Amino acid sequence: MGSLFPLSLLFFLAAAYPGVGSALGRRTKRAQGPKGSPLAPSGTSVPFWVRMSPEFVAVQPGKSVRLNCSNSCPQPQNSSLRTPLRQGKTLRGPGWVSYQLLDVRAWSSLAHCLVTCAGKTRWATARITAYKPPHSVILEPPVLKGRKYTLRCHVTQVFPVGYLVVTLRHGSRVIYSESLERFTSLDLANVTLTYEFAAGPRDFWQPVICHARLNLDGLVVRNSSAPITLMLAWSPAPTALASGSIAALVGILLTVGAAYLCKCLAMKSQA
């Protein structure tokens with residue numbers, strides 16, 4: 001087992017962070033140390049530590065953020081940050097380095113701070129998430145078309161839209177749910193969901209609510225619309241048909257009544 005450890009460690013360090021900041025569910029590849037030297041794992045006996053602060057930070061898309069990397073090495077040989085995000089101004093002091101990350105737009109990225117001390121390298125990791133919860137969730141009043149109600153829900157200014165799930169709930173049950181994972185836009189998005197619902201007699205007088213949910217690798221952000229009660233309504237087409245039928249019946253009764261009155265008058269005149 002002792003001879004296998006260096007091989008596994010070299011395999012662990014094979015790639016220089018090409019997968020950092022990848023989408024949800026994609027495993028992040030780890031990096032080689034400086035000049036190909038393996039990174040010392042946390043269980044090593046090197047007498048110094050490396051820490052990132054904050055370890056997790058969430059920002060709005062396009063904003064900047066600062067990460068502080070501190071260490072206990074008396075005389076660090078090297079300190080660097082590896083991340084796919086664009087770096088800005090770096091500030092340094094005794095035992096710490098502050099890195100600026102600019103224009104954060106990837107929904108989830110990693111930043112690794114590497115410090116070399118006495119020929120040994122240790123690292124710490126921070127996760128940066130860019131997201132914006134829905135500004136508003138609006139459910140329009142249901143519109144009756146034929147025998148179906150059209151439900152239309154608007155979710156405004158949300159990011160990343162690819163991790164958004166919109167759900168329509170009627171009473172205690174879900175009548176429709178859609179994930180927008182096929183959308184990969186890196187901009188704020190407005191989403192409109194339209195669904196036709198065939199309501200039965202038991203469906204009236206119950207609330208309909210539209211729910212919007214962002215699921216960001218364990219961080220769940222929710223917002224919901226105000227409830228709208230599904231009211232019993234008459235379709236215009238059957239109403240027009242019924243009105244026409246009543247008018248025709250009234251016309252027939254008037255015609256019959258007029259004919260009968262004429263007949264009565266004729267018989268009276270003959271008498």
Side-chain angles (χ1 to χ4, degrees), residues 19-28 56-63 65 84-85 103-110 127-237:
V20 172
S22 58
L24 178 65
R26 190 179 301 169
R27 292 185 178 180
T28 304
F56 175 82
V57 60
V59 298
Q60 291 191 7
K63 298 295 184 179
V65 65
L85 300 175
D103 193 27
V104 179
R105 293 189 179 276
W107 83 266
S108 181
S109 304
L110 296 179
R127 179 181 294 276
I128 305 95
T129 297
Y131 78 95
K132 187 176 186 306
H135 179 265
S136 61
V137 181
I138 302 171
L139 181 63
E140 293 184 5
V143 177
L144 183 62
K145 292 183 179 179
R147 296 184 178 180
K148 295 183 178 180
Y149 283 89
T150 298
L151 305 175
R152 185 170 286 110
C153 177
H154 304 279
V155 182
T156 64
Q157 299 182 22
V158 59
F159 175 85
V161 68
Y163 297 90
L164 178 68
V165 178
V166 182
T167 302
L168 290 172
R169 181 178 292 273
H170 175 252
S172 60
R173 65 189 180 98
V174 173
I175 57 176
Y176 186 73
S177 182
E178 182 171 346
S179 171
L180 282 74
E181 58 186 358
R182 62 185 181 278
F183 296 97
T184 58
S185 172
L186 295 181
D187 299 316
L188 290 176
N190 296 323
V191 177
T192 298
L193 174 69
T194 303
Y195 178 69
E196 289 188 344
F197 176 53
R202 298 182 179 179
D203 296 322
F204 299 110
W205 313 111
Q206 293 195 41
V208 179
I209 303 176
C210 181
H211 299 278
R213 184 180 79 251
L214 279 175
N215 191 349
L216 305 173
D217 196 16
L219 174 65
V220 180
V221 182
R222 295 183 174 91
N223 199 354
S224 300
S225 70
I228 293 181
T229 302
L230 196 63
M231 306 291 289
L232 180 63
W234 296 101
S235 174

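Just so it is clear, the structure is predicted and the values come from calculations on it, not from any experiment.
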**Q** Is it the case that the side chain of T156 and the backbone of S136 share a donor-acceptor pair, with hydrogens and angles ignored and the cut-off at 3.5 Å?
**A** yes

**Q** Is any side-chain heavy atom of L151 less than 4.5 Å from a side-chain heavy atom of I175?
**A** yes

**Q** Go through the steps to decide whether T194 and T150 satisfy the test side chain to side chain contact (heavy atoms under 4.5 Å, CB included), and finish with yes or no.
**A** CA-CA 7 Å; T194 303; T150 298; 3.8 Å; yes

**Q** I need the minimum non-hydrogen distance between P134 and N223, along with the two atoms involved.
**A** O-ND2, 3.2 Å

**Q** Roughly how far apart are Y163 OH and L180 CG, rounded to 0.5 Å?
**A** 12.5 Å

**Q** How close do S225 and I209 get, heavy atom to heavy atom, and via which atoms?
**A** O-CG2, 3.7 Å

**Q** Kindly indicate, with the supporting measurements, whether the criterion side chain to side chain contact (heavy atoms under 4.5 Å, CB included) is fulfilled by L168 and L139.
**A** CA-CA 9 Å; L168 290 172; L139 181 63; 4.2 Å; yes

**Q** Rounded to the nearest 0.5 Å, what separates atom CD in Q206 from atom OG1 in T229?
**A** 9.5 Å

**Q** Is there side-chain contact between V143 and Y149, with heavy atoms separated by less than 4.5 Å?
**A** no

**Q** Could you tell me whether the side chain of H211 reaches within less than 4.5 Å of the side chain of R222, counting heavy atoms only?
**A** no

**Q** I need the minimum non-hydrogen distance between L144 and R147, along with the two atoms involved.
**A** CD1-C, 4.2 Å

**Q** Does some side-chain heavy atom of V165 sit less than 4.5 Å from a side-chain heavy atom of N215?
**A** no

**Q** Any chance you could measure Q60, atom CD, to R105, atom CZ, to the nearest 0.5 Å?
**A** 11.5 Å

**Q** What pair of heavy atoms forms the shortest contact from H154 to T192, and how long is it?
**A** ND1-OG1, 3.0 Å

**Q** Hey, are the side chains of S224 and V137 touching, using non-hydrogen atoms and a 4.5 Å cut-off?
**A** no

**Q** Please find the pair of heavy atoms, one from D103 and one from G62, that lie closest to each other, and give the distance.
**A** OD1-CA, 3.3 Å

**Q** L188: what forms a side chain to side chain contact (heavy atoms under 4.5 Å, CB included) with it, not counting sequence neighbours?
**A** K132, F159

**Q** Would Y176 and L193 count as a side chain to side chain contact (heavy atoms under 4.5 Å, CB included) here? Give the steps.
**A** CA-CA 10 Å; Y176 186 73; L193 174 69; 3.6 Å; yes

**Q** Quick one about R127 and S108 (side-chain donor to acceptor, distance below 3.5 Å, no hydrogens or angles considered), yes or no?
**A** yes

**Q** Does the pair R213 and V220 meet the rule for a side chain to side chain contact (heavy atoms under 4.5 Å, CB included), with working shown?
**A** CA-CA 7 Å; R213 184 180 79 251; V220 180; 3.7 Å; yes

